[in-house]
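Accompanying notes for the structure given below.
Throughout, residue positions are numbered sequentially from 1 according to the sequence presented. One-based numbering, in listed order, for ligands and for the atoms of each.
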Amino acid sequence: MGWNRKVLRVNLTAGTCTPEPLNMSWANDYLGSRGLASKYLVEEIDPKVDALSPDNKMIMSTGPLTGTMASTGGRYTVVTKSPLTGAIACSNSGGYFGAEMKFAGWDMIIFEGKSPKPVYLYLENDNAELRDAAHLWGKTCWETEEGIKATHQDPLIRISSIGGAGENGVLYAAIVNDLHRAAGRSGVGTVMGSKNLKAVAIRGTQGVSGIKDFPAFLAAANAGKKVLADNAVTGQGLPKYGTQVLMNVINEMGALPTRNHRDVQFEEAGRISGEAMHEKRPTDGKTHLVTNAACFGCTIACGRISRIDETHFSVKNSPKYWGASGGLEYEAAWALGAANGVGDLEALQYANLLCNEHGMDPISFGATVGAAMELYDLGILSKEQIGVDAQFGSAEALCKLVEMTAHGEGFGKELGMGSGRLCAKYGRPELSMSVKNQEFPAYDSRGIQGMGLAYATSNRGACHLRGYTVASEVLGIPVKTDPLVTEGKADLVKAFQDATGVFDAAGICIFTSFAWTLADVQPQIQAACEGDWSMDKLNLVGERIWNMERQFNLAAGLTAKDDDLPPRLKTEPAKTGPAKGLVNGLDKMKPEYYKVRGWSAEGVPEKATLERLGL
Ligand code: SF4
């Protein structure tokens with residue numbers, strides 16, 4: 001049946017942990033993970049609630065394929081209202097934590113209220129208890145993992161935790177699991193910190209039972225794995241170079257946002273690319289990359305495990321960073337690198353390590369540094385205000401600023417607000433490269449037009465994991481479309497957004513979609529879950545999830561005006577590359593998109609659309 005049919009409700013105010021049955025009617029309509037947890041959130045909180053008040057809830061959820069033999073079936077999501085965007089947040093992570101929740105017998109954990117003192121949830125199969133976390137408060141995510149495993153004398157416990165960023169109200173704090181996997185975006189870690197919840201520690205020994213038709217599931221899962229293995233991206237490019245395979249490709253296309261999107265190509269992209277991670281360093285003769293790594297059940301293994309150069313200025317006096325650790329992935333390498341004009345691979349890895357250690361989203365952090373560097377370049381911020389000479393390209397500034405933000409010191413507190421609030425504070429809100437206050441990821445929408453529409457309309461603010469039209473516009477997956485035109489992008493974005501909802505709800509990694517379409521996932525869901533999971537139904541589920549999230553955002557007070565891009569992308573043409581002379585054509589695409597969605601000109605779902613989707 002895919003689901004365990006069990007939800008754990010944790011009331012942090014009362015200190016209680018109560019099991020309840022999963023609402024199977026909702027599971028039938030929303031499948032799991034992102035879809036099902038969002039349904040619970042929408043039903044249980046006021047959309048206008050202050051995201052950091054006890055009245056907000058935070059839901060950790062698996063999907064029906066989480067913990068199964070489906071490739072990449074180890075994902076879990078964190079759903080809440082975001083303090084960064086004011087919109088619904090759903091942040092997704094791999095590693096092993098999600099599968100462990102399933103093995104302990106649970107589909108979902110709902111956290112409500114606020115604990116009067118720091119606690120962590122310890123969950124061992126059916127046994128759930130809140131434990132004192134006073135001794136862990138102030139510790140990093142890495143120290144917290146180590147501490148909890150030592151307390152319980154069990155190295156196999158899987159842990160999700162927050163670091164100082166989540167405790168100190170950095171608005172893009174992440175929840176880190178398995179040391180370097182994170183539910184990274186939209187400040188889900190900030191919400192966790194506001195609830196005085198330091199960590200969730202899970203040990204599950206029950207496996208996953210109840211797959212509806214196991215022989216059929218095995219056949220479908222194996223067929224899916226073969227498709228991944230035979231595909232050039234998922235079978236070769238991602239295992240060898242990780243997501244960093246994209247750095248040179250996107251730069252060549254003239255779509256690599258550089259120096260806070262002033263430029264679209266980075267002259268030092270090659271130095272921070274996946275290829276560079278394979279090259280021997282002149283300093284110590286070692287490659288940056290040590291090996292690749294996989295999340296639970298993944299046959300792609302895009303993860304990077306790297307070792308920083310011990311002689312680099314950032315770590316030469318800090319041996320604790322010398323060991324092999326997670327990173328760099330493309331988005332982090334871009335945000336910490338090109339977005340700031342920094343071409344020092346070791347500095348990027350150091351900043352990335354601190355983001356993992358202290359629980360911060362490297363995309364929002366790096367892009368916020370990019371905005372601060374532009375404010376500095378324009379003379380709006382001084383060296384005295386920032387505390388460092390923050391020129392574009394300064395690796396020293398990047399390393400200093402990541403330390404200040406992680407520790408909540410000086411100007412780091414302002415960086416912790418995110419670029420939207422930072423730029424507004426200094427009178428230049430248009431310099432924040434964000435949508436709904438969430439910073440862009442690593443694609444400039446002047447060179448990849450569809451991404452502009454995907455960013456602007458994303459329900460969780462600017463994001464590449466809600467409608468990754470890069471797959472089509474750059475890589476030709478599943479069909480090649482011209483990245484420089486706006487025609488057809490409304491349909492393309494809708495199709496990607498809806499399909500992504502299903503991948504997320506199933507509990508698998510969206511990177512499978514470099515090779516899989518929904519037709520590859522459907523037989524796996526059908527064989528695992530009771531009921532009808534035809535392609536028609538799955539398409540409807542994806543669209544339903546999207547519209548439900550939209551309804552929440554509208555009720556929270558967001559409007560069509562929030563579906564917009566910063567003026568730079570709509571008025572300042574790309575200076576170089578294939579997109580030279582182009583701006584993003586959002587104003588043309590957006591009305592078409594609303595129409596394709598069955599929404600009014602104001603971006604509100606029409607009655608007929610809601611009825612068709614059962615909303
Ligand atoms: S493709 Fe990469 S991110 Fe996705 S599950 Fe596999 S290792 Fe994890």
Under 6.0 Å between ring centres: does that hold for Tyr76 and Phe296? no
Determine the interplanar angle of the [X] and [Y] rings, folded into 0 to 90°, and report it as parallel if under 30°, tilted if 30 to 60°, perpendicular if over 60°.
{"X": "Trp516", "Y": "Phe503", "result": "tilted"}
{"X": "Tyr443", "Y": "Tyr468", "result": "perpendicular"}
{"X": "Trp533", "Y": "Trp3", "result": "tilted"}

Pairing of Glu549 and Arg34 as salt bridge, 4.0 angstrom limit: yes
Going by side-chain contact (heavy atoms from CB on, under 4.5 Å), name the residues that satisfy it together with Lys286, two or more places apart in sequence or in a different chain. Arg281, Asp284
Arg75 heavy atoms, cut-off 4.0 Å: which ligand 1 atoms fall inside? 3 (S), 4 (Fe), 5 (S), 8 (Fe)
Return all protein N, O or S atoms below 2.8 Å from atom 8 (Fe) of ligand 1, chain by chain in residue order. Cys295 SG
